[in-house]
Amino acid sequence: MNALAGSLRVALVGNPNCGKTALFNRLTGSRQKVANYAGVTVERKEGRFVAPSGRVLHLLDLPGAYSLDATSPDEAITRDVCEGRHPDEPAPDLIVCVADATNLRLHLRFVLELKRLGRPMLLALNMIDAANRRGIVIDPAALEHALGIPVVGTVAIRRGGAAALVERVDAMYADLAAGVAVAAPAAIPEQADLHAQVRAILAAAVTMPRATAAVDDAIDRVVLHPAAGLAILAVVMFLVFQAVFSWAAPLQDAVRAGVEAVGAAIGGLLEPMPLLHSLVTDGVFAGLGTVLEFLPQILILFLFILMLEESGYLPRAAFLLDRLMFRAGLTGRAFIPLLSSFACAIPGIMATRSITDQRDRLTTILVAPLMTCSARLPVYTLLIAAFIPRHDVLGLFNLQGVVLFTLYVAGILSALAVAWVMKRLRRDKSEHALLMELPSYRLPNPRDIALGLWERAKIFLKRVGGIILALTVLLWFLSSFPAPPADATLPAIDYSFAGRIGRWMTHVFAPIGFNWQICIALIPGLAAREVAVSSLATVYALSGGEDVAAAQLGAIIANEWSLATALSLLAWYVFAPQCMSTLAVIRRETNSWRNVWITAGYLFALAYLASLATYQIARAFT
């Protein structure tokens with residue numbers, strides 16, 4: 001046992017929506033790290049906490065699973081770790097199975113499956129307060145007797161709500177450290193009827209006044225209504241994108257002012273060193289500073305996604321949209337992966353592992369890049385702010401927010417159209433019914449929301465300080481060298497490597513209205529879409545001399561570009577496959593280079609055709 005070596009490895013397992021991750025966050029707080037398991041894109045979360053006795057316990061938050069009979073990579077990881085046969089993960093000393101106390105009819109079946117492993121185990125009845133409010137009476141002693149394992153109640157969202165769990169685990173730690181054997185539950189025969197056992201356990205230990213909560217049923221009558229429900233969903237999404245523009249403005253101004261102040265201070269110190277001064281001011285601060293301004297918008301978008309997920313609304317939206325998505329060749333289960341792709345296509349593609357039908361899963365993966373990810377926000381915001389006036393619409397809405405919402409809708413409709421075409425082309429025409437759990441409604445936990453936003457902020461800042469910084473410096477080098485000849489009459493960048501590459505690319509992109517500066521920005525944008533903004537800032541800073549700051553980029557392009565060019569670039573970014581990381585994840589998830597080339601090819605074709613049509617039509621009317 002690891003406990004004998006000074007630590008206890010505790011694996012948290014449970015069905016999705018049981019509050020397992022909230023319990024993990026409650027115990028570990030910021031003392032956690034997130035990574036992927038080797039060879040797969042399954043997230044691995046590990047943390048530690050110190051028990052009142054002073055003992056340190058290591059917690060592993062395993063992916064949610066409905067059964068050890070794995071139907072997805074997530075469930076396969078959970079099964080292998082619990083069975084002690086994962087090559088990179090030591091067997092846990094203790095399994096803590098987390099179950100939703102308001103939905104034991106579903107969750108107890110998985111508890112009984114875990115009992116079959118015969119490992120030391122404990123059951124945490126989470127959301128026990130919600131069960132009490134609903135009049136559900138659980139007899140812990142009777143449940144312990146029926147299951148043959150310790151049972152404790154927890155409230156993951158409440159301070160001190162995991163105290164009983166910590167106390168029980170700490171006692172088991174003490175027994176292990178003292179050499180006292182911790183009895184494992186008796187294994188259940190493979191042929192046992194688990195459903196019959198669940199019914200017997202519920203009859204002996206649980207009294208339920210009704211199968212579902214009255215308040216959930218009342219809300220669902222409205223939220224799941226075929227007409228009212230869709231209207232509510234549309235309003236929610238519209239308000240989210242309004243907030244992205246309206247709420248973020250003061251925060252963006254503060255970030256911009258801070259970056260400018262730091263850049264001016266450092267630039268002043270580097271005045272005697274022209275080359276280093278250019279690198280720092282025209283490269284780092286003009287490039288990275290422009291991208292950093294969009295962190296508030298990205299966090300606001302994540303805030304709403306996390307709140308909708310925590311509240312229990314997302315599965316209902318998936319159920320609501322199932323009929324529409326079915327007609328397009330998708331399934332309601334595709335809604336959550338596609339919604340996750342609004343933040344980033346990478347976790348969205350990873351989330352398709354919950355789709356058991358491989359044909360539906362592949363279709364969802366191929367259309368996920370069409371969702372408007374947060375990396376597009378810097379480009380959209382820059383162009384909308386420069387070319388769309390801040391007018392009110394109907395006295396309630398911001399015109400810029402309306403345009404942003406329209407771009408998101410364009411991505412959604414494009415994904416549905418592509419999925420419809422794929423449905424018509426595939427050989428297998430069979431259909432599959434949607435079966436999914438609708439969790440109880442609950443108020444989002446501020447602690448979990450804050451931790452989620454902190455994780456997203458760290459990911460964004462690491463991206464800014466890593467790949468975006470490297471690409472910005474590389475672009476600065478390509479834009480600064482070689483030096484112009486002595487008789488040069490144009491800006492120095494016109495004679496650089498970047499200037500020459502950009503002007504060559506205009507032969508391909510001139511029909512869609514792209515100038516050579518945009519062409520240059522598209523190249524590093526292949527690594528990360530948001531790099532296009534920092535690239536434009538660097539290029540224009542070097543084109544205009546030292547007087548050009550990052551904050552002036554919007555004014556510069558508004559003066560130099562036509563409206564047709566701006567609209568064409570917006571259309572390009574609705575479709576363009578400018579994210580190598582997304583293509584790499586498609587390769588890993590599908591194990592096929594063919595799917596990668598199909599995705600990149602159709603996205604590039606759609607982007608070019610959409611930009612061509614947009615540019616030519618806009619020129620005709622402006």
Do [X] and [Y] have side-chain heavy atoms sitting under 4.5 Å apart?
| X | Y | result |
| --- | --- | --- |
| Leu366 | Leu362 | yes |
| Leu60 | Pro92 | no |
| Thr364 | Met325 | no |
| Asn103 | Asn17 | no |
| Val215 | Tyr441 | no |
| Arg109 | Ser67 | yes |
| Leu377 | Thr372 | no |
| Met172 | Leu122 | yes |

Provide the closest heavy-atom pair for [X] versus [Y] in the form atom of the first, atom of the second, distance.
| X | Y | result |
| --- | --- | --- |
| Ala162 | Leu27 | CB-CD2, 3.8 Å |
| Asp61 | Lys20 | OD1-NZ, 2.6 Å |
| Arg168 | Val151 | NH1-O, 4.3 Å |
| Leu62 | Cys82 | CD1-SG, 3.9 Å |
| Ala164 | Gly153 | CB-O, 4.1 Å |
| Ile136 | Thr102 | CD1-CA, 3.9 Å |

So does [Y] get a backbone contact from the side chain of [X], meaning a donor-acceptor N/O pair under 3.5 Å?
| X | Y | answer |
| --- | --- | --- |
| Asn15 | Ala65 | yes |
| Glu113 | Leu68 | yes |
| Arg119 | Asp93 | no |
| Glu75 | Tyr66 | yes |

Measuring from atom [atom1] of [X] to atom [atom2] of [Y], what distance do you get when rounded to the nearest 0.5 angstrom?
| X | Y | atom1 | atom2 | result |
| --- | --- | --- | --- | --- |
| Arg361 | Ile349 | CZ | CD1 | 9.5 Å |
| Glu310 | Ile305 | CD | CD1 | 13.0 Å |
| Leu123 | Leu165 | CG | CG | 10.0 Å |
| Phe110 | Thr78 | CZ | OG1 | 6.5 Å |
| His225 | Arg221 | NE2 | CZ | 12.0 Å |
| Phe304 | Met237 | CZ | CE | 9.5 Å |

Q.
What I want to check is whether the side chains of Asn445 and Asp448 have a donor and an acceptor closer together than 3.5 Å.
A. yes
Q.
Holding to ring pair (Phe, Tyr, Trp, His ring centres under 6.0 Å), I want the full list of residues that pass it with Tyr408, two or more places apart in sequence or in another chain.
A. Phe241, Phe342
Q.
Under the criterion side chain to side chain contact (heavy atoms under 4.5 Å, CB included), I'd like the reasoning laid out for Leu324 against Leu230: C-alpha separation, chi angles, the key distance, then a yes or no.
A. CA-CA 10 Å; Leu324 173 63; Leu230 287 174; 5.8 Å; no
(Q) Between Leu104 and Val198, does the side chain to side chain contact (heavy atoms under 4.5 Å, CB included) criterion hold? Intermediate values first, please. (A) CA-CA 9 Å; Leu104 287 178; Val198 168; over 6 Å; no
Q: Just say parallel, tilted or perpendicular for the rings of Phe238 and Phe405, cut-offs at 30° and 60°.
A: perpendicular
Q. Is a salt bridge present between Glu46 and Arg9, judged by a nitrogen-to-oxygen distance below 4.0 Å?
A. yes
Q: Give a yes or no on whether a salt bridge exists between Arg85 and Asp80, defined as a side-chain N under 4.0 angstrom from a carboxylate O.
A: yes
Q: Check the pair Ile157, Arg447 against side chain to side chain contact (heavy atoms under 4.5 Å, CB included), reporting the backbone distance first and the verdict last.
A: CA-CA 8 Å; Ile157 63 173; Arg447 177 185 176 87; over 6 Å; no
Q | Full working for side chain to side chain contact (heavy atoms under 4.5 Å, CB included) between Thr21 and Lys45 | A | CA-CA 9 Å; Thr21 298; Lys45 296 182 72 175; 3.7 Å; yes
Q) Around Glu167, counting heavy atoms of other residues, nucleotides and ligands shown, do more than 12 lie under 6.0 Å from its CD? A) no
Acceptor/donor pairs from residues 124-132 side chains to any protein atom, 3.5 angstrom cut, sequence neighbours excluded:
unit_1 : atom_1 : unit_2 : atom_2 : d
Asn126 : OD1    : Thr154 : OG1    : 3.0
Asn126 : OD1    : Ala156 : N      : 3.1
Asn126 : ND2    : Cys18  : O      : 3.1
Asp129 : OD2    : Arg158 : NH2    : 3.3
Asn132 : ND2    : Ile128 : O      : 3.2

